[in-house]
There are 2 protein chains.
Amino acid sequence: MTTHDNDAFKPIATVDLAIFSLSPAGLSVLLVRRANAPFAGDRALPGGWVHIDEDADLEAAARRVLKEKTGVETPYLEQLQTTGSRSRDPRGWSISIVYIALLSADAVAKRQDLMAEEAEWRPIEGEGVGLSLAFDHASLLKEALARIRGKVEYSSLPGHLLPVRFTLSELQSVYETLLGRKLDKSAFRKRMAEADFLEPVEGEMRRASNRPAQMFRLKDAQSLVLFDRRI
Amino acid sequence: MTTHDNDAFKPIATVDLAIFSLSPAGLSVLLVRRANAPFAGDRALPGGWVHIDEDADLEAAARRVLKEKTGVETPYLEQLQTTGSRSRDPRGWSISIVYIALLSADAVAKRQDLMAEEAEWRPIEGEGVGLSLAFDHASLLKEALARIRGKVEYSSLPGHLLPVRFTLSELQSVYETLLGRKLDKSAFRKRMAEADFLEPVEGEMRRASNRPAQMFRLKDAQSLVLFDRRI
DNA sequence: CAGTGTTAGTGTAAATATTCAACTAAGTTA
DNA sequence: TAACTTAGTTGAATATTTACACTAACACTG
């Protein structure tokens with residue numbers, strides 16, 4: 001057996017992001033158009049090198065890329081997976097650490113002007129975006145969608161896609177969109193109460209031409225709450 | 001905004017493994033003693049550089065390290081997480097891709113002679129191993145344990161720690177060990193039947209000085225089955 | 001200002017699942 | 001053959017889930 005301790009392998013390493021938000025067309029992902037080779041002109045998940053001088057850790061690098069592309073600073077952010085292989089980048093053995101970010105609807109609206117030139121929102125259709133993507137990004141996006149759809153079943157994930165204040169009906173509607181099925185209203189409300197990740201915003205009500213609804217906000221906008229049972 | 005496309009950041013990158021098996025003392029993890037600096041003499045999770053010429057992808061690198069240290073070729077293997085920061089390795093900005101491996105009890109016994117010299121099994125106590133580990137490996141091990149304990153609640157994970165053939169009573173006993181609580185026998189059997197990841201080994205029974213028990217094996221030794229409800 | 005439409009939020013009976021413990025089954029051992 | 005041990009099943013009491021109907025609170029209409 002040989003020791004490789006002084007023969008450090010240094011692959012090409014990037015941090016790539018699957019950034020999601022809700023648009024009128026449903027769940028959408030942020031894509032950029034690549035300026036340079038390889039895959040120049042193709043769409044890709046936004047990403048970038050880790051800046052060895054600037055980024056203290058991988059999550060900091062992910063937050064930096066996110067801010068560069070969207071202007072948003074405090075999203076829900078979670079590491080998805082790392083892929084690395086000889087063949088995924090024509091320039092050689094490369095590694096990509098993939099993060100998932102969820103942007104609240106009002107954060108997206110407010111920072112519209114801060115969004116990077118080359119970035120655009122694309123609605124999700126089925127398992128992807130109906131476009132071929134650079135590198136293995138189509139497969140990374142598919143994994144990200146699988147993770148998100150899985151977590152909708154037993155976590156507060158959809159709450160991170162809404163504006164800061166929302167009603168229970170709006171929240172239920174996001175769950176239904178992401179799950180692709182209808183939920184029972186009373187069972188839904190019971191789950192939300194048990195899971196204990198919402199707090200009512202005192203004195204604030206959604207008013208329309210019908211009974212006003214209590215508004216809620218997430219107790220913690222940064223972290224997911226996992227349920228005891230499926231929704 | 002600057003482009004860094006030709007300024008590829010190349011960190012130090014290793015694949016590290018949290019390899020678990022069952023010993024008489026319960027769940028155990030494989031540790032190695034480091035031969036070289038940094039942390040020479042300390043215990044660490046087994047790991048190594050990706051071999052750019054030899055490993056097609058990250059999982060291949062993980063399987064190679066696993067085989068070098070244990071002699072086992074076909075374990076349950078799953079990527080846990082990737083950590084990367086300026087400070088985790090005194091040699092500079094470094095990345096570690098961490099995998100979890102589960103070894104079946106008979107695989108461990110059979111390959112005892114193939115196990116690496118410097119490797120040893122240490123029983124888990126609480127959130128770790130009661131030893132300080134090199135780098136941030138204590139924290140990586142803690143994350144690995146959290147992942148495992150979480151999955152025991154709603155997956156076939158414990159089945160991957162048993163010998164290839166086992167009885168339902170043995171399986172229940174492993175669930176109980178990992179969960180730290182007793183389970184109801186009839187409810188347990190109902191769950192296992194619903195989850196549908198076991199198949200009876202026809203004609204084989206465990207015989208002792210009592211009623212013989214049907215033996216079972218995993219339908220798929222490589223993959224986990226997730227349950228609809230908690231166990 | 002009564003009537004209607006619409007969405008918010010609650011209540012309840014029937015169906016389903018869980019729990020707890022007792023029971024039967026099939027072998028070995030004395 | 002009786003006692004012992006572990007395998008595997010059954011069932012009644014209790015808790016939870018589901019489906020759906022009900023009440024509540026507003027705006028709008030005439």
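Since this is a predicted model, take the numbers as computed values, not measurements. Quick note on labels: first sequence line is chain A, next is B, and so on, each numbered from 1. Below, all heavy atoms of this structure are taken into account, side chains as well, without hydrogens, waters or symmetry copies.
By the side chain to side chain contact (heavy atoms under 4.5 Å, CB included) test, Ser186(B) is found to be paired with Asp184(B), residues two or more places apart in sequence or in another chain being considered. Thr167(B) is linked by a side chain to side chain contact (heavy atoms under 4.5 Å, CB included) to Ser169(B), Glu170(B), Arg206(B), Ala213(B), Met215(B), counting only residues two or more places apart in sequence or in another chain.
How far OG1 of Thr70(B) is from CG of Leu103(B): 5.5 Å, rounded to the nearest 0.5 Å.
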Practice prompt. Take nucleotides 25-30 of chain C nucleotide by nucleotide from the 5' end and write B, S or -, depending on whether a protein heavy atom sits under 4.0 Å from the base, only from the sugar-phosphate, or from neither.
Written response: BBBS--

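Using a 4.0 Å cut-off between charged nitrogen and carboxylate oxygen, Arg147(A) and Glu143(A) do not count as a salt-bridge pair. Ion pairing between a basic and an acidic side chain is recognised when a charged N comes within 4.0 Å of a carboxylate O; Arg181(A) and Glu153(A) show such pairing. A salt bridge is defined here as a Lys NZ or Arg NE, NH1 or NH2 lying under 4.0 Å from an Asp or Glu carboxylate O, and Arg217(A) with Glu204(A) fails to meet this definition. The pair Lys69(A)-Glu118(A) counts as a salt bridge, with a side-chain nitrogen and a carboxylate oxygen less than 4.0 angstrom apart.
Other residues, nucleotides and ligands place no more than 12 heavy atoms under 6.0 Å from the CD atom of Glu117(A). More than 12 heavy atoms of other shown residues, nucleotides or ligands fall within 6.0 angstrom of atom CD in Glu194(B).
A heavy atom closer than 4.0 Å to some atom of DNA chain C occurs in Asp184(B), Ser186(B), these being the qualifying members of residues 165-186 of chain B.
Across all non-hydrogen atoms, the minimal contact from Phe135(A) to Arg88(A) is CD2-O, 3.5 Å.
Put simply, CE on Met215(A) is 11 Å from P on dA8(C), counting in whole angstrom units. In this structure, Arg206(A) atom CZ and dT6(C) atom P are separated by 19 Å, rounded to whole Å. The CG atom of Asp228(A) sits 15 Å away from the C1' atom of dT18(C) (whole-angstrom rounding). Rounded to whole Å, the distance from CZ on Phe188(B) to C1' on dA7(D) is 14 Å. Distance CD1 (Ile231(B)) to P (dT19(C)): 11 Å, rounded to an integer number of Å.
For the pair Arg191(A) and dT17(D), the criterion of a side-chain N or O lying under 4.0 Å from OP1 or OP2 is met.
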Show the distances under 3.5 angstrom between N or O atoms of the protein and N or O atoms of nucleotides 13-16 of chain D.
none

Please table the atom pairs, donor to acceptor, closer than 3.5 Å between any side-chain atom in residues 224-231 of chain B and protein atoms at least two apart or in another chain.
unit_1: Arg230(B); atom_1: NE; unit_2: Asp228(A); atom_2: O; d: 3.2

